[in-house]
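Below is one structure, written out as structure tokens; comments come after it.
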Amino acid sequence: MECIVINGGRALQGRVAASGAKNSALAIMAATLLGSGEHRISGVPDLRDISTMKRLLEHLGVRITGSADLRLDATHIDIVDAPYELVRTMRASFLVLGPLLARFGNARVSLPGGCAIGLRPVDIHIKALEAMGARISIESGYVNAVCERMRGARILFDMPTVGGTENVMMAACLADGVTVIENAAREPEITDLAVALRSAGARISGDGTGTITIEGVRELAPIVHTVMPDRIEAGTLLIAGAITVGDVTVENCPVAYMGATLEKLRDIGCVVDESENCVRIRADRGLKPVEVTTSPYPGFPTDMQAQLMSLLTLAGGTSLIRETIFENRFIHVAELDRMGAHIRVERDCAVITGVEQLEGARVMASDLRASACLILAGLAAHGTTVVSRIYHLDRGYEALEEKLRRLGADIRREKET
Ligand code: EPU
């Protein structure tokens, strides 16, 4: 196993570019199952989750070439079965259910199960697909779904789910009639998926709002699309600038979709200058405490919560973070406390009392965003921090330590002894 070793205390300076969005690319790759021919997806980040999705699609019969510029030929699908071994390593694998069912009339997809940050059920996906005519049974941990032809339906989600919205939106593209999803998730990655599907002839409107309407078509042409930049990676890089009292400009930044994050960084006292696709951040030592509640887009993203917490450990005063999306997304707190932070967790709230300085320590990553949070803390800390279980980081950040090194960080990857 590998770990990341950081000698903290260097102010980061310079320019860095965000990569393509992981969560957008994963959904668009699953969407290629909807149509035969060669799909072309550009700006795909080089990540472990992307490799897992490639392996799953190849297992189903998709022929894939390229890396950043992917060519996916989904003409001949041999199997409609997504096995546990692949789904358990990456929950986004469940996104193949809607497309397989809509195009082939049946699918067998493993239930993903829980993960470190929460139980993460898929009941809303299943209920909606049933409303569209699918007959679904759950046997031995697998979802078996059958449907002659999906039909359009009016669907009201109990809560806005990103994956649920994507699964249903994809299935509805090939359904008979019109599907309306109410209380749909509004995340930018859903809009990016809709743009990709429209490039293939799908009739989707309302994406980015709480009501999405999809008029089914007989078949889709190949997708031609460039993946949007990753707003969570961009936010993480900005916090790297702020926490090291540096001056960092993030290019290829989806500024229009980062409102909640940029506003909080300003409230904390960072100087944030934005242009069309670029954000520059500068910070000094006098950071202010804030209150933050995670919520579905356009609220503050749960995927930025851990990274923001790192920054707040060094703000003067008491900050409050309330996590409303996932029930177990504070595992990083105990690790930050080992670095000298003062954080108390009460149910869904973390109360963070700012300290003067973090101290380097050996810490362990528990999930993707927790690993980014610990690296950020290590960049600011006095002394050496060793972050282990770094395979979590590789799932969702493309070459993070290289990007940070170019900004002046003393950071390297080592084999764990
Ligand atoms: N939920 C249900 N039933 C469902 C579906 C969701 O109760 O059928 C609940 C979940 O348990 C959770 C809430 O609804 O409490 C929201 O979950 P959602 O379905 O929106 O999350 P997701 O689609 O599983 C995506 C991202 C996550 C991100 C969340 C929230 C991908 C591949 N994953 O997950 O990204 O945190 O939306 O924005 O798009 C990450 O990148 O680190 C990550 C975890």
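Quantities reported herein were computed from a predicted structural model and do not represent experimental measurements. In what follows, every heavy atom counts, from backbone to side chain, and hydrogens, waters and symmetry copies are set aside. Order of appearance sets the numbers: ligands from 1, and atoms from 1 within every ligand. Position 1 is the first residue of the sequence; numbering continues from there.
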- With sequence neighbours left out, which residue pairs that include part of residues 123-174 fulfil the ring-ring contact (aromatic ring centres under 6.0 Å, His included) condition?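 Residue pairs passing ring-ring contact (aromatic ring centres under 6.0 Å, His included), neighbours aside: Phe94-His125.
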- Task: Output all residues satisfying salt bridge (charged side-chain N to carboxylate O under 4.0 Å, His left out) with Asp46, sequence neighbours left out; order by chain, then residue number.
- Result: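 Not a single residue meets the salt bridge (charged side-chain N to carboxylate O under 4.0 Å, His left out) criterion with Asp46.
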- Task: I would like to know whether Thr65 and Asp73 meet side chain to side chain contact (heavy atoms under 4.5 Å, CB included); could you show each step before the answer?
- Result: CA-CA 9 Å; Thr65 53; Asp73 189 331; over 6 Å; no
- Message: Under a 4.0 Å threshold between the charged nitrogen and the carboxylate oxygen, would Asp176 count as salt-bridged to Arg151?
- Response: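 A salt bridge is absent here (no side-chain N lies under 4.0 Å from a carboxylate O).
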- Message: Whether Arg40 and Glu38 form a salt bridge (side-chain N of Lys/Arg under 4.0 Å from carboxylate O of Asp/Glu) is what I want to check.
- Response: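 Between Arg40 and Glu38 there is no salt bridge, as every charged N stays at least 4.0 Å from the carboxylate O atoms.
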- Item | Near ligand 1, at a heavy-atom separation below 4.0 Å: residues by chain and residue number |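 If the criterion is a heavy atom under 4.0 Å, then ligand 1 touches Lys22, Asn23, Ala92, Arg120, Pro121, Val122, Asp123, Ile124, His125, Met159, Thr161, Val162, Gly163, Thr302, Asp303, Ile325, Phe326, Arg329, Leu368, Arg369.
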- Message: Tell me which pairs pass side chain to side chain donor-acceptor pair (under 3.5 Å) where either residue lies in residues 394-405, with sequence neighbours left out.
- Response: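 Non-adjacent pairs meeting side chain to side chain donor-acceptor pair (under 3.5 Å): Ser19-Glu398, Ser19-Lys403, Asp49-Arg395, Glu233-Lys403, Thr236-Tyr397, Gln307-Tyr397, Arg369-Tyr397, Asp394-Arg413, Glu401-Arg413.
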